[in-house]
Amino acid sequence: MTTFTWNIANLERETGDGYVYTVHYTVDAKDDTYSAGAYGSIGLERPEEELIPFSDLTADIVVGWVKDQFGQEKVAEIEAALQQQLDEQRTPTKASGLPW
């Protein structure tokens with residue numbers, strides 16, 4: 001069984017009010033033997049409601065923002081691509097080398 005772990009690598013924000021406008025994230029996929037990972041960044045629109053103070057943000061809150069921004073379909077697509085990498089590691093379809 002594959003476990004997908006979403007993490008936050010970095011945040012870019014405005015210093016005046018703490019508005020986070022870019023999130024840099026990682027996604028790690030691991031099964032009993034193999035692992036794969038992805039890194040990316042996504043921009044966020046300024047929310048209409050009151051901002052959460054920067055010091056009160058948690059990784060879970062920001063991961064939620066990232067997943068909400070992507071939507072369920074894109075999250076599933078990212079995780080499926082990582083699963084394909086694990087499958088390729090488990091049963092390679094390509095190889096290199098010499099026959100001698």
Side-chain angles (χ1 to χ4, degrees):
M1 175 165 182
T2 303
T3 302
F4 298 97
T5 306
W6 289 72
N7 287 303
I8 303 304
N10 198 17
L11 300 174
E12 295 180 37
R13 65 184 167 97
E14 292 183 2
T15 58
D17 61 5
Y19 158 58
V20 174
Y21 56 87
T22 302
V23 177
H24 301 271
Y25 64 90
T26 61
V27 186
D28 295 316
K30 295 182 182 180
D31 63 16
D32 58 332
T33 307
Y34 300 100
S35 65
Y39 174 91
S41 36
I42 189 167
L44 302 175
E45 296 291 325
R46 180 179 285 277
E48 293 180 15
E49 65 272 0
E50 188 172 331
L51 294 174
I52 298 171
F54 186 76
S55 60
D56 291 346
L57 293 177
T58 65
D60 288 340
I61 290 170
V62 180
V63 165
W65 292 348
V66 170
K67 288 183 173 183
D68 287 347
Q69 185 76 11
F70 277 137
Q72 290 180 352
E73 188 174 312
K74 182 66 175 176
V75 168
E77 182 181 308
I78 291 167
E79 291 180 353
L82 291 171
Q83 183 63 55
Q84 287 177 335
Q85 290 179 31
L86 295 180
D87 294 344
E88 179 66 23
Q89 290 175 44
R90 185 172 302 286
T91 311
T93 59
K94 297 178 176 107
S96 64
L98 301 170
W100 61 90

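The first residue of the sequence shown is numbered 1, and numbering continues consecutively from there. Because the structure is a prediction, the values reported are computed rather than measured.
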Would you give the length of the straight line joining atom OH of Tyr19 to atom CZ of Arg13, rounded to the nearest 0.5 angstrom? 13.5 Å
So, taking the atom named CG in Asp32 and the one named OG1 in Thr3, what distance separates them when rounded to the nearest 0.5 Å? 10.0 Å
Output the rest of the hydrophobic cluster of Ile78: all Ile, Leu, Val, Met, Phe, Trp and Tyr residues reachable through side-chain heavy-atom contacts under 4.5 Å, sorted by chain and number. Phe4, Trp6, Ile8, Leu11, Val20, Val23, Tyr25, Val27, Ile42, Leu44, Ile52, Phe54, Leu57, Ile61, Val62, Val63, Trp65, Val66, Phe70, Val75, Leu82
Between Tyr34 (side chain only) and Leu86 (backbone N and O only), is there a donor and an acceptor less than 3.5 Å apart? no
To check you understand the geometry: which heavy-atom pair defines the closest contact between Tyr39 and His24, and what is its length? OH-ND1, 3.0 Å
For the residue pair Gln85 and Ala36, what are the closest heavy atoms and their distance? OE1-CB, 3.3 Å
Any idea which heavy atoms bring Ser35 and Lys30 closest together, and the distance? CB-CG, 3.8 Å
If you take all heavy atoms of Arg46 and Asp17, which pair is closest and at what distance? NH1-OD2, 2.8 Å
Hey, what do you get for NZ (Lys74) to NZ (Lys67), rounding to the nearest 0.5 Å? 14.5 Å
